[in-house]
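Taking it in order: structure first as structure tokens, then the write-up.
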2 protein chains.
Amino acid sequence: MSPRLHEPDRATAAPCRALRADAERNRARLVEAARAVFAESGLDAPLEDIAERANVGIATLYRRFPTREELIAATYEAQLAVFAQTVEDALHVPDPWAGFSGCIEQLCAMQAENRGFTTLVTIALPDSTEATALRERAKSGLAALVQRAQEAGVLREDFVAEDVALILMANAGVLRATRDGAPHAWRRLVAYLLEVFRVDGGEPEPLPAAPTSMQMHRAMMACRTAQPHCPAG
Amino acid sequence: MSPRLHEPDRATAAPCRALRADAERNRARLVEAARAVFAESGLDAPLEDIAERANVGIATLYRRFPTREELIAATYEAQLAVFAQTVEDALHVPDPWAGFSGCIEQLCAMQAENRGFTTLVTIALPDSTEATALRERAKSGLAALVQRAQEAGVLREDFVAEDVALILMANAGVLRATRDGAPHAWRRLVAYLLEVFRVDGGEPEPLPAAPTSMQMHRAMMACRTAQPHCPAG
DNA sequence: CTACAAGTGGAGCCTACTCTCCAATTAGCC
DNA sequence: GGCTAATTGGAGAGTAGGCTCCACTTGTAG
């Protein structure tokens, strides 16, 4: 790979200078390390862990990503692209209900698979990043998906685009508490919600199994020692 | 008030000795301060804030409550009693659906009003505290409430007691993200869920208004600067 | 091959919080 | 009023993570 095939000013918007080849390499390793660490430990993982995992000094991390948010935005660019693509693909599913509900399920599954992504979708990112643009894309795709389903008469009329965010936030809450102890509990929440969103007609899907009370107990025990409250997470 | 009207060994289970009057007073001030601080800042608020608010040295706090969890348990004893009472009162509401749904709404409202309580109900507490007993009381009350509603044919048969925890966790997720920016968003989630739990028959209640996209935007902005992921919350 | 700008790493400072130790204080009993 | 054990508060040690500074290294253009 020749060094200058990248769009300019990737990192710092101001000086707009191309990175030296080794610097670009380190940047990539940082993003890769951040992906792993954020996925496992959440968006508030220690930055030193990320630098260490990337085999790079902590200063290098700070030089490339002056704020945690910039690192988050860069790290989740690819995943947000998947997010946006998922939404757009759903528009091509012939059945409007299958498109809508499958999309919601996939988005929630993405949350379930990645601790950082769980909270990422419920918070704002700094403006003027690629991430913001991707979110806009996803947003308008979702609006179209909702509209299509409503026009087909399969999605309740009083459903609004903001409800999608509500779903993701609720799902984040369930995942925070049950990710370890009852890793499928979120599916049941999502199934309940999809059922209530659907205009009746189809026989409702059977619900995913409820977590057992033992699982819930363990989930709550585990969550006690984890970090308490909330998001930027 | 004469000092010895309390049940024994309130604080440390081991030495089982009555507290001196001034110590008992300080203990009460600590619990009161903790109530305020936890409500506002969540269960991971700095303990020094609590000691300061109680006008008591930090050492006094640690002497009375060697672990944060013990302080949490003592602080939320009263609130857990309200929780349990709410459930039991609901059993006396004549209409089984009104009893069940009103109870869920009230529990979620309690979460909305108190940041610490939001996460408290989704985590485990140390055993052998009064708090544990209260939770057991609430739990069996809820089981009865669920059973009564199902026997009356107004609550879907596949609803299980663990689903109540799921609701509280989902509600916690919404509250974490929207408490400041869209303080009524949680009502919409709960309305959706109650609608899907109900066996059809009654005309569904109209949904609470959706948060505006501006509110959601602000909520996500605010949540960005708050602490990311999760609870022992 | 050389010069120099770009890039690097980690020591080290700062802040925030948890938790302990102990000399000084005070409530309760006589 | 005075004795004694219970209680107190705050200094300070320990820990974790954020962030910066600067002497050293390295890529690359000429």
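Per chain, numbering begins at 1; letters A, B, ... match sequence-line order.
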Nucleotide D:dA6, atom P - distance to CZ of B:Arg27 in whole Å: 19 Å
Interatomic distance where CZ belongs to A:Arg29 and P belongs to C:dT8 [whole Å]: 10 Å
Under 3.5 Å: donor-acceptor pair, side chain of B:Gln111, backbone of B:Thr118: yes
Salt bridge flag under 4.0 Å for residues A:Glu32 and A:Arg35: yes
Check: A:Arg187 side chain, A:Pro208 main-chain N or O, donor-acceptor pair, under 3.5 Å: no
Heavy-atom pair of closest approach, residues A:Arg135 and A:Ala124: NH2-CA, 3.3 Å
A:Arg64 (side chain) donor-acceptor with A:Arg27 (main chain) under 3.5 angstrom: no
Whole angstrom value for the distance that separates C1' of C:dT26 from CD of B:Glu24: 17 Å
Note, B:Phe38 side chain near B:Ile50 side chain (heavy atom, < 4.5 Å): yes
Test item: A:Thr132 side-chain N/O and A:Pro126 main-chain N/O as donor-acceptor pair under 3.5 Å: yes
Main-chain N/O of B:Phe117 paired to B:Asn114 side chain as donor or acceptor, under 3.5 Å: yes
Donor-acceptor under 3.5 Å (A:Thr212 side chain, A:Gln215 main chain): yes
Between protein and nucleic acid, restricted to nucleotides 24-27 of chain D and to nitrogen or oxygen atoms under 3.5 Å apart, what atom pairs and distances do you find?
{"residue": "D:dT26", "atom": "O2", "partner": "A:Arg20", "partner atom": "NH1", "Å": "3.3"}
{"residue": "D:dG27", "atom": "O4'", "partner": "A:Arg20", "partner atom": "NE", "Å": "3.4"}
{"residue": "D:dG27", "atom": "O4'", "partner": "A:Arg20", "partner atom": "NH2", "Å": "3.4"}

Between C1' of C:dC19 and CD of B:Glu70, the distance in whole Å: 14 Å
B:Arg137 and B:Glu88 ion-paired at < 4.0 Å: yes
Where protein sits on nucleotides 16-23 of chain D, one letter per nucleotide: B base, S sugar-phosphate only, - none, heavy atoms under 4.0 Å: -SBBBB--
Exam field: side chain B:Arg218 to backbone B:Asp180, donor-acceptor pair closer than 3.5 Å: no
Separation of atom CZ in B:Arg64 from atom P in D:dA6, rounded to whole Å: 12 Å
Atom pair distance, as rounded to whole Å: CD1 in B:Ile50 and C1' in C:dC19: 15 Å
N or O in side chain of B:Asn26 less than 4.0 angstrom from D:dT7 OP1/OP2: no
Inter-end axis angle, the helix from C:dC1-D:dG30 to C:dC30-D:dG1, with every axis fitted to five base pairs (rounded, 10 degrees): 10°
